[in-house]
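Below: one structure, written as structure tokens.
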2 protein chains.
Amino acid sequence: MDRSKFVNDPAARRRKITLADVAAGCGVSRATVSLVLRRSPLVNAATRARVEAEFQRLGYVYNRSAASLRSRRSSSVALVINDLSNPFFAEFAAGVDEALAAAGYVTLLGSTGESAERQQAVLASLMEHDPAGVILSPAEGSDARRVCQAVGAHTPVLVFNRELAASGWDHLGLDNRDGARQATEHLLALGHTRIAFFGGHAGSSSCRQRREGYAAALAAAGLAVQPQWLVETAPTRLEAAGQAGALFARDPAPTAAVCYNDAVALGLMLGLLARGRRPGVDFAVTGFDDIPEAALSVPPLTTLAADPRARGRQAAALVLARLGQREAIAVQTIVPVQLRVRASSCAPGRP
Amino acid sequence: MDRSKFVNDPAARRRKITLADVAAGCGVSRATVSLVLRRSPLVNAATRARVEAEFQRLGYVYNRSAASLRSRRSSSVALVINDLSNPFFAEFAAGVDEALAAAGYVTLLGSTGESAERQQAVLASLMEHDPAGVILSPAEGSDARRVCQAVGAHTPVLVFNRELAASGWDHLGLDNRDGARQATEHLLALGHTRIAFFGGHAGSSSCRQRREGYAAALAAAGLAVQPQWLVETAPTRLEAAGQAGALFARDPAPTAAVCYNDAVALGLMLGLLARGRRPGVDFAVTGFDDIPEAALSVPPLTTLAADPRARGRQAAALVLARLGQREAIAVQTIVPVQLRVRASSCAPGRP
DNA sequence: CTGAAAGCGCTTACAG
DNA sequence: CTGAAAGCGCTTACAG
């Protein structure tokens, strides 16, 4: 009797336990085991107990890919973001993953590093894994048509943060306009009248919207926007620090700046110090995002809180809600942001 | 002629294009198309061109799950970490994802929130997606046996950061002992002789190792460790700030502290300020991790850099290297950490 | 170099 | 309530 092939053949020994093994092990059909797996009420309680005991005994692991293939129902969702090293996106991703896991989905992660080219490759690769839906925070310069081509027409997409013109997809965004308006009104209420808008690329939708809110608040106060108070920078700490001088190139110089985001505001504060001006004493600064460092900088930064983790949970809920009903019209969700007043926004003229 | 079922049936219209469609579309067998997909040199160049044109024309998307099922080769790797809101792990995850994507794998994300219970559930869920390997940064209090049970014997695991006793898996860790030794020697070289070790749970392997390095450096300098200079805290800024007073409860008080990590060090600095002591002037502090905030705190924090993104890439490479040869012996990789000297580590006795 | 057939592990009608 | 059969989209020997 040759049992060696069962005992020694490594391939045989490491074969994974399948549903058929369980069925054979307790003398029922594979269909019945499948019904037990999916908690069907059709199965006799005694049969169910026998099958479940066999799951334990054999150490059965459900093969969800095989199930997805047959049932045409995917249990994964793709999440495509710029970069996890940005705490705003890291928190967002944590919220997405938390909500997807709670709903029984797994998160397929992809990072674009803010490159539209890489975004195409990442999307193509993720689509081969047949996600039920896609949560996409588009890289700067994304082309809606190319993204559409990569994702196809059958997979619902939720676009987060940036806009993707005319894509026809659901969108979840922050109320950039209102946030910048709140920050500007806060500075006006402190007595500032010469207020700059500092940082960001004017071409991006979020920067445009924030500038609109800033301009609207000034206009409502009867103040005109001075062109030399609109300073463009990459949205990074480093570039912002380097551009601080641009605010004081021409008179009248501003006494406060609404910054594109927290990174820019923190950079500006460093740049101000380097020029002998004390942020929060000689010059008022506000940010946008409320990243963890905002509360810890010196001085602490007045900013707008968007709660990215909650936004992640919300994005997951929105994309899951789409799975049943793909024909419906696209939903645009705009989330309010909250002003967090800290010491960086001082009154003008304080010594 | 009833064509309505082809034109109007939504199920028919949204049917995805399969390899069979492509084969039919250019009059070859499915096997040939499969060979084209996998870039086999067996296919005639003209045939290959025809098939590839058909991919374009039909907008074919490869179904990697079906391929994995048949070929028994997975193209995903599971990544299980505590929480992306910790910048150390976010950077690590970014590095893992970068390297996996470059190798053609997709990252399946799971977060434990530092709960061993949740870790079991997350692992079970991820295993159902049949990852080729698992990268696991164990939650505090993980039980190697339970983790083994969830992962099974057939999937290679790379354990990151913490140790998982006797699991028999590959391990990638920081040189905690040497890092703490470097920090302590740096403070000794500045002239300190009363140096505390502040923060962390003495039960965790990383805290134990860092304390060892600290004690070794003191011993090498002929100094004894004073028990009242060993202060335990949760590894958070908040708890660390609250425990600052413990350093000064008994004489002789220390003039410097090697902290368990950056979060603890930043908290201690706040706690020192609250007690009227100026970190970097009256008292020297070092951290561990070099999180982005370390360079920006006031004063900037002397700490040990572990380059978590590079560690992520390394972890991905290690787990991918395991895929072919699962029988081999476990590899323990210890990565050196580098001291970054900043203003928080002052000399003693400066006014 | 290409094709016909079997099969990966599951689910889904359909009988009984 | 349970089982036999077909099939999801692919790959893999095996013929030719």
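Here the structure is a predicted model, which means the values were calculated and not measured. Just so we're on the same page: letters track the sequence lines, and every chain starts at 1.
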Span of DNA chain D, from the first to the last nucleotide whose atoms fall under 4.0 Å of chain B heavy atoms: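 Here the contact window of chain B covers D:dG9 to D:dT12.
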Is it true that [X] and [Y] have a side-chain N and a carboxylate O under 4.0 angstrom from each other?
X	Y	result
A:Arg118	B:Glu98	no
B:Glu114	B:Arg162	yes
A:Asp130	A:Arg73	no

Does a side chain donor of either [X] or [Y] reach within less than 3.5 Å of an acceptor in the other side chain?
X	Y	result
B:Thr32	B:Ser29	yes
B:Arg38	B:Ser34	yes
A:Gln119	A:Ser142	yes
B:Arg311	B:Gln314	yes
A:Ser111	A:Asp83	no

When the nearest nucleotide of DNA chain C is assigned to B:Arg50 and to A:Ala20 on a heavy-atom basis, which residue is associated with the more 5' position? B:Arg50
Any residue in residues 62-72 of chain A with a heavy atom nearer than 4.0 angstrom to DNA chain D? Just list them by number, or reply none.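 Hits under 4.0 Å, by residue number: A:Leu69, A:Arg70, A:Arg72.
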For A:Val43 and A:Arg30, find the nucleotide of DNA chain D closest to each by heavy atoms; which residue's nucleotide sits nearer the 5' end? A:Val43
Watson-Crick and G-U pairing of DNA chain C, under 3.5 Å, as dot-bracket with | and [ ]: |||.||||||||.|||
Mind checking B:Arg48 for me? I need base, sugar-phosphate or nothing, with any heavy atom below 4.0 Å counting as a touch. nothing
Does the side chain of B:Leu320 reach to within under 4.5 Å of the side chain of B:Leu100, using non-hydrogen atoms? yes
A:Ser74 side-chain N/O to A:Ala132 backbone N/O, donor-acceptor pair under 3.5 Å: yes
